[in-house]
Number of protein chains: 2
Amino acid sequence: MGPKSNLPQPDIVGRALERIGKKPLLDETCIVHRAFALLADKWTLLVLLALMHGRKRYSALQRQIGGVSPKMLTQTLRALEEHGLVEREVFPEVPPRVEYALTDFGRTLSEPLASLCEWAVEHEGRLRAVLASERSRG
Amino acid sequence: MGPKSNLPQPDIVGRALERIGKKPLLDETCIVHRAFALLADKWTLLVLLALMHGRKRYSALQRQIGGVSPKMLTQTLRALEEHGLVEREVFPEVPPRVEYALTDFGRTLSEPLASLCEWAVEHEGRLRAVLASERSRG
DNA sequence: CCGAATCCAGATTGATACTG
DNA sequence: CAGTATCAATCTGGATTCGG
């Protein structure tokens, strides 16, 4: 986002870490630590990713995110709503309809999320191998 | 993987999602779902990020990652090792020394991780506000 | 009918003490 | 120094139930 592009080193992580500040690293007041605490959750990233496609109903989310129980989906959505990343809209209809959508703030996560997705897709072969060997050992 | 680069829209997420495939979205066989399951853990991202700086000893990691207990640090490191993202090296010395470092595979996560860090730093103000209001409500 | 709250069993996490 | 053991606490998820 920042037009700060004349840095000599191509070390993307180094650059990002420099921007974090001069903290030792990752102590609990560090914003990166805090941010990861919000996102690094079993369902949160998947819900955000699902909503990147656009506004969705509760039941659509439940169908698309395989394995999520209604309880955890609701819980995850409520947390995202509290954090200002997702908006919840209730339609007073019968049968009831509830829709969820990313807020503007939520949409700012599209780049990091897409980056993670691309990583997963790019390394699918190795990942599947890792996961397979993990299962065989229990 | 496919060199499919003549898409008209600059929608980074849409592009990433298209590259995931034509799956409905995020079912449990989807590699994105699987990959997130490996990474979306309370400590995993922080440990990986800490190791982006370079090779580190166990105690250095514990000091830098505020709040992590030895049990969870060991558990997280062992999982990362099993997944091929981190390498563990034991030096037969007294006192004992164990060092951890990212593997080549682990380093492929530098871009997504940096992207997340930049997001956190860029939105630090709003994030801190969100976290503050969360604490006040319990 | 759809969205969500409750209850309870099982898994996960964490603080602390301890060992090689 | 680098972990393991132990036990308490928290979190998770599925079944069931409720409410509009």
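Bear in mind the structure is a predicted one, so any value in this text is a computation, not a measurement.
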[X], nearest nucleotide to its side chain (from [options]):
X: A:S59; options: C:dG3, D:dT4, C:dA4; value: C:dG3
X: B:M72; options: C:dA5, D:dT12, C:dT13; value: C:dT13
X: B:P70; options: C:dG3, C:dT13, D:dT4; value: D:dT4
X: A:S69; options: D:dC1, D:dG13, D:dG3; value: D:dG13

Phosphate oxygens OP1/OP2 of [N]: is one of them under 4.0 Å from a side-chain N or O of [X]?
X: B:W43; N: C:dG14; result: yes
X: A:R63; N: C:dG3; result: no
X: A:K42; N: D:dG13; result: yes
X: A:R78; N: C:dA4; result: yes
X: A:R57; N: C:dG3; result: yes
X: A:R88; N: C:dA4; result: yes

Just checking [X]: base, sugar-phosphate only, or nothing, at a heavy-atom cut-off of under 4.0 Å?
X: A:V98; value: sugar-phosphate
X: A:Q62; value: nothing
X: A:Y100; value: sugar-phosphate

Could you tell me how far apart [X] ([atom1]) and [N] ([atom2]) are, to the nearest whole angstrom?
X: B:L73; N: D:dC1; atom1: CG; atom2: P; result: 15 Å
X: A:K56; N: C:dG3; atom1: NZ; atom2: P; result: 14 Å
X: B:D41; N: D:dT12; atom1: CG; atom2: C1'; result: 14 Å
X: B:Y58; N: C:dG20; atom1: OH; atom2: P; result: 17 Å
X: B:Q75; N: D:dA2; atom1: CD; atom2: C1'; result: 16 Å

Can you confirm if the NZ or CZ of A:R55 lies within 45° of the ring axis of A:Y100 and under 6.0 Å from the centre of its six-membered ring?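 Judged by the rule (NZ or CZ under 6.0 Å from the ring centre, within 45° of its axis), A:R55 is not positioned above A:Y100.
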
Heavy-atom nearest nucleotide on DNA chain D for A:E93 versus A:K71: which residue maps closer to 5'?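 Whichever sits nearer the 5' end wins; that is A:K71.
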
Roughly how far, to the nearest 0.5 Å, is the NE2 atom of A:H33 from the CD1 atom of B:I65? 8.5 Å

For the residue pair B:H123 and A:F105, does the interplanar ring angle fall in the parallel (under 30°), tilted (30 to 60°) or perpendicular (over 60°) class?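 Plane angle between 30° and 60°, so tilted.
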
Where the side chain of B:T76 meets the backbone of B:W43, is there a donor-acceptor pair that is under 3.5 Å apart?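 Checked: no pair found.
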
Does B:V90 belong to the same Ile/Leu/Val/Met/Phe/Trp/Tyr cluster as B:Y58, with side-chain heavy atoms less than 4.5 Å apart forming each link? yes

